[in-house]
Structure formats: C-alpha cells, structure tokens
2 protein chains.
Amino acid sequence: MTHSQLRPPTMADVARQAGVSHQTVSRVLGDHPNVRDETRAKVLRAIEEMGYRRNFSARALATRRTRTLGVVASNTTLYGPASTLFALEEAARAEGYLVSTVSLRRLTVKTLSEALDRLSEGGVEGVVAIAPQRSAVEALAELRHPFPVVAVGTGSGAGVPSVNVDQNLGARLATGHLLAAGHRRVWHLAGPEDWQEAVDRVEGWRAALAEADVEPPMLLRGDWSPLSGYRAGQELAGWVGRGLTAVFVANDQMALGVLRALREAGVRTPQDVAVAGFDDIPESEFFAPPLTTVRQDFATVGKRSIALLLDLIEGRTPSGASQVSIEPQLVVRASTFPYLPQPGVAPG
Amino acid sequence: MTHSQLRPPTMADVARQAGVSHQTVSRVLGDHPNVRDETRAKVLRAIEEMGYRRNFSARALATRRTRTLGVVASNTTLYGPASTLFALEEAARAEGYLVSTVSLRRLTVKTLSEALDRLSEGGVEGVVAIAPQRSAVEALAELRHPFPVVAVGTGSGAGVPSVNVDQNLGARLATGHLLAAGHRRVWHLAGPEDWQEAVDRVEGWRAALAEADVEPPMLLRGDWSPLSGYRAGQELAGWVGRGLTAVFVANDQMALGVLRALREAGVRTPQDVAVAGFDDIPESEFFAPPLTTVRQDFATVGKRSIALLLDLIEGRTPSGASQVSIEPQLVVRASTFPYLPQPGVAPG
DNA sequence: GCATGAATTGTTAGCGCTCACAATGACGTC
DNA sequence: GACGTCATTGTGAGCGCTAACAATTCATGC
C-alpha cells in the first residue's frame, strides 16, 4: 500500500500505472488466455501496489449479471430452515454466486411479496423461496417477478418449480414402523393446518393406517413448539389405558414436549407409549429417551434447489425435473424400542 | 402487462411512454418533491403498464452505493448464530440494506479471508463477522479490506469494533446462583479452548468461585455438542458423592447430554446434582428437568451491530462506543430448584 | 404588462466496467 | 519480399442510471 486516496483506484488507474490499456487489465482479471506473461505480471504488480479491487456495480452493469441469488425464508432459527439456508448458500457459493437473504417473521402474501420486491431491487438473478405455509404457495404462483423462483417445502402441487422432501413418505415410514412394532393404532400430533408439510404428514399417517386397515384415532394439533407438544402430551396422557400406545409427532420439538408431559404423568416411554418424531434435530438423540424420528437431507435440498434455479436462470432446460422430490430416512432410537444402543455408540 | 420483450424496459423506455424525460422518471422513483402530481401519475402509470423495475447495477454504479451489507458466520444451524443472523438481517432491512451471507463450516484465517474477498467482490459496503473463534479474531485485525468490519462474539479484546454479550457476567450469574443455593463448589464443563466465549465463561466461573473463596474443581472440556456433554456427564457421574453437587455447563446442548448421562447413572437432577446451562435455546424449558440457563439477547446484538456498522460506513462518529457490551440474563428453572413451576405456566 | 423568483422539466456528462472490433507486431510460407 | 496468420494489445461505444446544471413554465406583485 504505497498511497491511499479518497476515491478507490479504477481500472484505468491501474492501466496507467502498468503502462497498458484498461482493457488489458480487464483481460488479466478475467483470466483471458492471450496476454503475454510479462504483461500479466506488470498488471498484477500494479494491482497489488494500488490495492485495486474491481468495482462490482460497473462490472454488473456491463455484463448484465450480478451473480447474486436471493433467498426468502421464515422461522430461520429453527433447525430445518436454518439447515436449508446453510445448504443453499454453500451450494450457491460453489457455483460462484452470492446469496442475499430476507428472513421473515411471518410468511404472508404481503411479506413474501415485499421480500421479492426487495430482492428484485437488490438485483438478484433468481430466488429460492423457503415457503412451507400454504398461503405463501399461492402467492408465489400469482406474483409476477422478473426472475425465476424455485420453491422449497411447498409440496409439489403448485405450478411453481419446487424441491421437496417427500413428507408423505416420511410419515408413512414413521407410522409403519410403529405398526410393524406391534402397535394396534398410532395417534398423531400434527403441525399447523396451513403448513403444507403438516398436511402431507397427516396424509402419510392416514395412508399408512389405511394400508393396515386401521381406523385413524383423534387428530391432535400443535404449532411446532415444544410447549404445544407439552399441552398435547398432557391430553394424550389421559388416553393411556384406553387404546393409546403409540404417537407419531409431526416434529421433534413437539415430541420433546410430549415426552415431558408423559413423563410427568407417570407414563413410561417406550414401555407404555412409543413416540416418534420428525426432523432429527441434533438434540433428538439425547432426549429422554432418545427419539425415533425421520431425517431430512437438507444438504441435498439445497444443492438441488440451486441447480434447478441456475438451470432456469441460464435458460437451459432443467437437467432434472422441475419438481424435485427427496426421500427422507427413518432413524430408529429408544423412544420406540427400549433395547437400542446408547448415544454416540455406533450400532454393529 | 401489455407486451413482454426480451430486454427488460429501461428508464428511457418508460420516459418515452409517459412523454417525459428519463430524469423525470428518476425523480418520481426517487420521491423527489418537485414533480407535478399529474406528471407523477403519468409516469407511475407507464411504470405499471410496462412492469418497469429500476436496474440495480446502474443505480449502484451512479450512486456509488449498493446498500448491501455482508455477514460472515459459521455454525449457522446452531441456535445462537442462527438467531444472530436473523436479528442482523432484520435490523439491516429496517435501515434499507440488503444482507449477503457467507456461511462457513469452519472459521479459519483462510476461510474468513476468502469470505471477505468474496463479499468484497459482491460489492458490500460493510461486513459483520460473527467470529467467536479466537483465531478468527486475530485474522480480522490483520486483514485489509476496503470496507468497515464489525465483529460479533469475539470479545472486546481485539482492536476491531465489536459487539458482545458479556459472557463473563453470564457465567458469574449462573455460578453465583448455584453458590447462593447452598452448593459448596460448582464444577464447569467448558466449550472449546479456541472459542473466546468459552474462555470468557471459564473466567467468569473462576471469578465467581474466587469471590466465594472456593478452590475451582477440575475443569472439563466439550465441543458444544450434546454428545460431548453426554461423555462429560458420564465422567461427572463418577464424582457424585465425592463433592460434586452442582455443574455449570457452558451451553444448553451439552447440558442436555449431561442431564442424560446423569439420569442413566441413577443421579437425580436437581436433588443430587444441580445443572445450569447457557444460551436458553427454545428446548431448554422442556428438558428433563427444565434447565436453568443464561439468556442472551440476540435481537439487541443484531441491532447494535448494524447500528455500529452503519455509523462506520456513513463516516459518522459511532453514536455509541465502538465496543458494545450487552448484559445477559439468568433464567432459573427446575434443574437447579425442584419446586419451580411447570412449563408454559407463568410464575405468579 | 412585465420583471422576479420558485416550481417543474430537460440536457448533458459521467459512474467503471466489458464487449466488439480495429490495430499492431511477430512469424512462417511460397 | 509480399502475404497470410496468429497472438497480443488498443480503441470506442455502450450498459442504465443519477447528479449537476440549464431551460422552461407558472404564479405573483407592482
């Protein structure tokens, strides 16, 4: 750093210092092949000396590319959205894109639309919307934007390119597992009705029961929070001895609340009531007892979403389908079987 | 939408359609006062009809402002970083800025430096670095960047503007609480040595013990994960009956593992051993038993960080100090007292 | 009726870069 | 030795916007 000025140096400044034209500087920066080594060295030296950095806005204006993607998300402190967000950014970075995020407290048509406007004004070339609420899905289909949008967690129903974990399958896995373990019926504590994932999990649960010719018992509702699970758990405790032996809870946080309520009511898990969750948050393995749950591969969700979005942006035909479905995986732990291994000890 | 063309419409297109000059369009968009209502309406109508959106790059080039901030973070699926990230974005949005995030798997000098480069190429006007690892702090002080950087979670030692929750105070609160409850000694399960927050919590713990004239017992180390807490908990269980009655665990996830290990060893919490954590993750209230812990106000961290960064960007003297410290808060639950209220029931 | 100033609108010149093309020079071929 | 070819470098024209200034219109007072 030889001298510092008020205005940061431009490409022309560097060119002057190196004794070449600004275009040659551009070529060096762009890794253009036809530059003599000696010239390249001169230019690089000048860049180094002046601490030059290419101006983002000028570059973006000239190329008509910002190499920036947008992400709209909500509830980003929850494990699922946070993991998806992380995976999205990592995948985008691998493709040379930067990610601008808008995190909403509540996902409504209005907030979603404002978020898209904001990202649009921020020059993003495309957007991934983590939009598990059903209201948001409709909004996405209707809103007009000057860039492609890929939805995550909306289910595959809407007429929007989307990437989803197969929630229905996950619910069938969990419910089927409980039925296979000998339970006559499986109860369900569902998530909020306006979440597509909650709806899909209810349907998967119903399907698994139907397949086993079992009448579905009363459906309970929570709001994903441990507290709502705790309350539902208190209600469930009242049904022990009256046919309740197994519960499939729509997420791990609520399952935590259920476990606590059952324990307080003197109901043992899994001896009296087996409990399965959904998500496989890092804590689940250490619940009392460790929780059987369904794991979603968020890293893959992120990668596939970015791949799909870039296909759309580049105008190529999507290399896969524009409705991507990802298989979840059942993770069996002690909350459905008492004799399972301790945490941290790999089975077999 | 009357017609769609290949190139999106420019300001000049809108001007032509509205029968004014492009500058008038610019004035309307910029809410400039001196535009006749009638003219404004004409322009707005043309904008609406053509679906015009102002080009971000051109605007940024002309104004020399991108109105974008960068955030570098790691471990973003953990509750603390995720909450901070959320608060930062929300605060930035309130100030009219967009946030570009780079989420690192591991925070090293190299990855941090690459992240800053990347954000720099992305045209950010300033960066907030969530950099709790000590190695990263040094890197921040040394690296040269063409924009201001505010550090979060680095502790206030480094010569970089920073915002921190007072970890030392938090540890003193938790340890003091256990001592006040009658425990002769308080053990500590610490986080990794290269995390500043872990170091500060150890120091706070030591300070509280010193104040009570107590010799600190053996220090245990974990890596923040429930599994490491579980392992430490197994070790701790061996000390029950030999002077161990209270443990301050450096975060809630590890505390979860400790609770589980103690339970498995037949040690009751809090009757035999009291346990306190740190963070107040949403699950803590539903642990078995509900966990006493230290709550950090991430929303305030986010707001103060953005305020500080914008001060630096605008070149104004920071309205507060350039080392911001935020007080944490002790949350007492059943893991340190057996008679405390149930979850969700507000204390009288 | 015309000067005066304020309100409103238009004109011009960049912002700093990349792209397309032109120019230069070195080299080999017939 | 003229010519074609290729590698290397330079030139000019935007990209679409805002800022500064110039020009025009309009209301008002005497």
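Just so we're on the same page: letters track the sequence lines, and every chain starts at 1.
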Practice task
Measure the CD-OG distance between A:Q196 and A:S135 for me, rounded to the nearest 0.5 Å.
Solution key: 11.0 Å

Practice task
Would you please confirm or rule out a distance under 4.0 Å between OP1 or OP2 of C:dC17 and any side-chain N or O of A:S26?
Solution key: no

Practice task
Under 4.0 Å between any heavy atoms, over every strand shown, what does B:T24 touch: base, sugar-phosphate, or nothing? Just pick one.
Solution key: sugar-phosphate

Completion exercise
So CZ of A:R106 and CG of A:N75: to nearest 0.5 Å the spacing works out to 11.0 Å

Fill in the blank from the handout: With the side chain defined as heavy atoms from C-beta on, B:R7 is closest, among C:dT9, D:dG16, C:dC17, to D:dG16

Practice task
Take B:R105 and A:E90 through the test salt bridge (charged side-chain N to carboxylate O under 4.0 Å, His left out) and record every step on the way to the result.
Solution key: CA-CA 9 Å; B:R105 273 179 194 276; A:E90 197 169 47; 2.7 Å; yes

Completion exercise
A:E38 atom CD is separated from C:dA26 atom P, nearest whole Å, by 13 Å

Problem - Closest-nucleotide ordering on DNA chain D, the 5'-leading residue of B:H22 and A:L61 - result: A:L61

Practice task
Write down the distance between CZ (A:R36) and P (C:dC27), rounded to a whole number of angstrom.
Solution key: 11 Å

Practice task
For B:Q323 and B:S162, test the side chains for any donor-to-acceptor distance below 3.5 angstrom and give the result as yes or no.
Solution key: yes

Handout entry: Sugar-phosphate only, base, or nothing, as touched by B:Y52 at under 4.0 Å among non-hydrogen atoms
Key = sugar-phosphate

Problem - Full working for side-chain hydrogen bond (donor to acceptor under 3.5 Å, both in side chains) between B:Q17 and B:E49 - result: CA-CA 10 Å; B:Q17 168 112 351; B:E49 278 174 21; 2.5 Å; yes

Practice task
Pick base, sugar-phosphate or nothing for B:T39, based on heavy-atom distances below 4.0 Å to the nucleic acid.
Solution key: sugar-phosphate

Exercise for the section: Go through A:S100 and B:S100 one step at a time and tell me if the side-chain hydrogen bond (donor to acceptor under 3.5 Å, both in side chains) criterion holds. Expected result: CA-CA 4 Å; A:S100 284; B:S100 285; 3.0 Å; yes

Fill in the blank from the handout: Between CZ of B:R65 and P of D:dG16 the distance, given in whole Å, is 24 Å

Exercise for the section: Using the salt bridge (charged side-chain N to carboxylate O under 4.0 Å, His left out) rule, take B:R65 and B:E314 through it: C-alpha gap first, then chi angles, then the decisive distance, then the call. Expected result: CA-CA 11 Å; B:R65 310 264 341 226; B:E314 311 282 357; 3.7 Å; yes

Practice task
Provide, to the nearest angstrom, the distance between the CZ atom belonging to B:F56 and the C1' atom belonging to D:dT18.
Solution key: 15 Å

Problem - Distance-only donor-acceptor test, B:R27 side-chain atoms vs C:dG10 base atoms, 3.5 Å - result: yes

Practice task
May I have the distance from A:H32 (atom NE2) to C:dC21 (atom P), rounded to whole angstrom?
Solution key: 14 Å

Exercise for the section: Can you figure out which of C:dG16, D:dC17, D:dG10 approaches the side chain of A:N55 most closely? Expected result: C:dG16

Exercise for the section: Calculate the interatomic distance between B:R40 atom CZ and C:dT8 atom C1'; express it in whole Å. Expected result: 11 Å

Practice task
Tell me what B:N34 touches on the nucleic acid: a base, only sugar-phosphate, or nothing, going by heavy atoms under 4.0 Å.
Solution key: base

Problem - side-chain N/O A:S21 vs D:dG10 OP1/OP2, d < 4.0 Å - result: yes

Exercise for the section: Give, ordered by number, those residues of residues 117-124 of chain B having at least one heavy-atom distance below 4.0 Å to an atom of DNA chain C; if nothing qualifies, reply none. Expected result: none

Problem - Length of the CG-C1' vector between A:L29 and C:dT18, whole Å - result: 12 Å

Problem - Matching residue for A:L104 among A:T111, A:T76, A:I130 - test: side chain to side chain contact (heavy atoms under 4.5 Å, CB included) - result: A:T111

Problem - side-chain hydrogen bond (donor to acceptor under 3.5 Å, both in side chains) involving A:Q296 - partner list, sequence neighbours excluded - result: A:Q167, A:D279

Problem - Estimated bend of the helix from C:dG1-D:dC30 to C:dC30-D:dG1 (axis per five terminal pairs, rounded to 10 degrees) - result: 50°

Problem - Below 4.0 Å: OP1/OP2 of D:dC15 and any side-chain N or O of A:R64 - result: no

Exercise for the section: With B:P132 as reference, evaluate B:D194, B:L107, B:T84 under the side chain to side chain contact (heavy atoms under 4.5 Å, CB included) test and give the passing residue. Expected result: B:L107

Exercise for the section: Specify the separation, in whole Å, of atom CD of A:Q23 and atom P of C:dT24. Expected result: 17 Å

